[in-house]
Amino acid sequence: MEDAPIPIVLDVDTGVDDACALLLAATHPGLDLRAVSCVGGNAPVDDVVRNTLVALEAAGRRDVPVARGADRPLLEKAVDARHVHGDDGMGELGWPTAPTPADPRHAVELLRDACRSAAHDGMPVTLVPLAPLTNIALLLRTYPEVAQGISRIVFMGGAANVGNATASAEFNVFHDPEAAAVVLDAAGDLGIDVIMYGLDVFYDPVVTRAAATELVAVGGRGAAELGGRLITFQCNRLDRDSATIGDAGAVCAVIDPTLLTTRPLPIRVELAGTWSRGRTIVDLRDWSGDLAHDPHGEAPTRVEVAMDVDGPRCAELWRQTLLSVGRA
Ligand code: RIB
Ligand code: CA
């Protein structure tokens with residue numbers, strides 16, 4: 001008997017690669033996309049909501065509720081990454097706004113309700129944050145009981161090694177370090193398992209320009225065409241023959257956990273460092289530990305850190321899923 005589709009909820013700052021993740025989450029038969037919450041990040045939150053609705057329209061999923069969340073980090077000023085994702089946040093493709101309105105609830109309320117109904121149904125969701133963690137921090141601190149409806153958190157963020165927003169920090173965590181620290185602390189308190197899909201694997205699953213052109217050729221303003229145009233935008237921006245599917249890799253890891261190699265490692269978020277603020281400090285030391293001489297001691301929180309990914313298999317999963325949309 002086939003396994004039941006995995007209930008999944010995404011938190012996004014759509015974003016070219018968030019859109020790639022949404023297209024996969026909305027169309028893969030092994031997933032049951034229950035809700036999408038939006039947060040400011042790659043683009044201002046209202047652009048994120050608009051872009052998210054466009055991606056779900058392309059995927060034929062007007063049924064999935066989308067809600068507007070935090071428009072700025074808990075403490076930091078809001079910045080964006082439009083130099084990476086285009087002025088509109090989604091590759092400046094000029095696609096029409098979706099006819100579907102956003103859900104009237106705040107994103108934290110939508111997340112709360114999705115988790116509560118999941119708990120009631122006895123089918124906890126996999127929560128997949130692909131953006132700054134502001135909404136998730138607010139959710140877990142305001143409604144801790146939602147933990148009963150969350151089977152695990154698979155988040156794109158952080159890095160065991162180098163950053164991207166700075167030499168030291170990855171964009172989602174750098175954008176709202178306090179939120180990231182709160183989420184890791186709350187997840188530990190509430191007993192929620194966490195997988196960190198960080199920069200150590202983020203760039204590995206890539207799709208070629210030629211494969212993107214094949215997706216675009218499907219046409220019809222569907223998931224395949226949009227996915228192809230997003231990859232092509234990044235290939236053109238970087239003047240390269242391939243581009244990462246980014247956030248979509250985290251969704252691939254939900255579909256097929258064998259794609260990832262993870263290690264359970266202690267982790268902290270640097271909040272105070274001048275040059276290291278927003279760094280996820282992953283303790284890679286493999287000695288048995290003479291922590292008595294380590295003034296910091298072992299971090300109270302351990303997460304499964306993705307240290308390797310089968311990039312080609314991951315990218316192929318994304319590409320084939322989009323190509324198969326609409327085929328019997
Ligand atoms: O550092 C990469 C992350 O920042 C991705 O989620 C990308 O969409 C941006 O939000
Ligand atoms: Ca993102």
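Counting convention: from 1, in listed order, for ligands and their atoms alike.
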Taking [X] first and then [Y], would you say they form a salt bridge - that is, a charged N and a carboxylate O separated by under 4.0 Å?
X    : Y    : value
E57  : R61  : no
R82  : D88  : no
R116 : E145 : yes
E298 : R268 : no
R263 : E304 : no
D241 : R209 : yes

Practice problem: Can you measure from CG (D11) to CZ (F155) and round to the nearest 0.5 angstrom? | Solution: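 It is 12.5 Å, given to the nearest 0.5 Å.
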
Need the ligand 1 atom indices (1-based, order shown) with element for anything under 4.0 Å from a heavy-atom of [X].
X    : result
N164 : 1 (O), 2 (C)
D18  : 8 (O)
M156 : 2 (C), 3 (C), 5 (C), 6 (O)

Determine whether the side chain, the backbone, both or neither of [X] has a heavy atom under 4.0 Å from any heavy atom of ligand 1.
X    : result
V16  : neither
L130 : backbone
V84  : neither

Which protein heavy atom lies closest to [atom], and at what distance to 0.1 Å?
atom                   : value
atom 5 (C) of ligand 1 : D247 OD1, 3.3 Å
atom 8 (O) of ligand 1 : D17 OD1, 2.6 Å
atom 9 (C) of ligand 1 : N42 OD1, 3.2 Å
atom 2 (C) of ligand 1 : E170 OE2, 3.4 Å

Quiz item: Can you name the N, O or S atom of D247 that is closest to the Ca ion (ligand 2)?
Solution: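 Considering only N, O and S atoms, D247 comes nearest to the Ca ion (ligand 2) through OD2.
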
Quiz item: Can R313 and T258 be counted as having a side-chain donor-acceptor contact under 3.5 angstrom?
Solution: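 Looking only at side-chain atoms, T258 and R313 do form a donor-acceptor pair, the distance falling under 3.5 Å.
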
Quiz item: With distance as the sole criterion, is a donor-acceptor pair present between the side chains of N42 and D80 under 3.5 Å?
Solution: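 Side-chain D/A pair, N42 to D80: absent.
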
Exercise. Calculate the angle formed at the Ca ion (ligand 2) by OD1 in D13 and OD1 in D18; 10° precision is enough.
Key: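 Rounding to the nearest 10 degrees gives 80°.
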
Practice problem: Consider every N or O of N172 and every N or O of ligand 1, then say whether any pair is closer than 3.5 Å. | Solution: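 Indeed, backbone or side chain, N172 has an N or O that close.
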
Quiz item: Within the stated cut-off of 3.0 Å, is an N/O/S atom of L130 closer than that to the Ca ion (ligand 2)?
Solution: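 Within the cut-off used here (under 3.0 Å), L130 does place an N, O or S atom near the Ca ion (ligand 2).
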
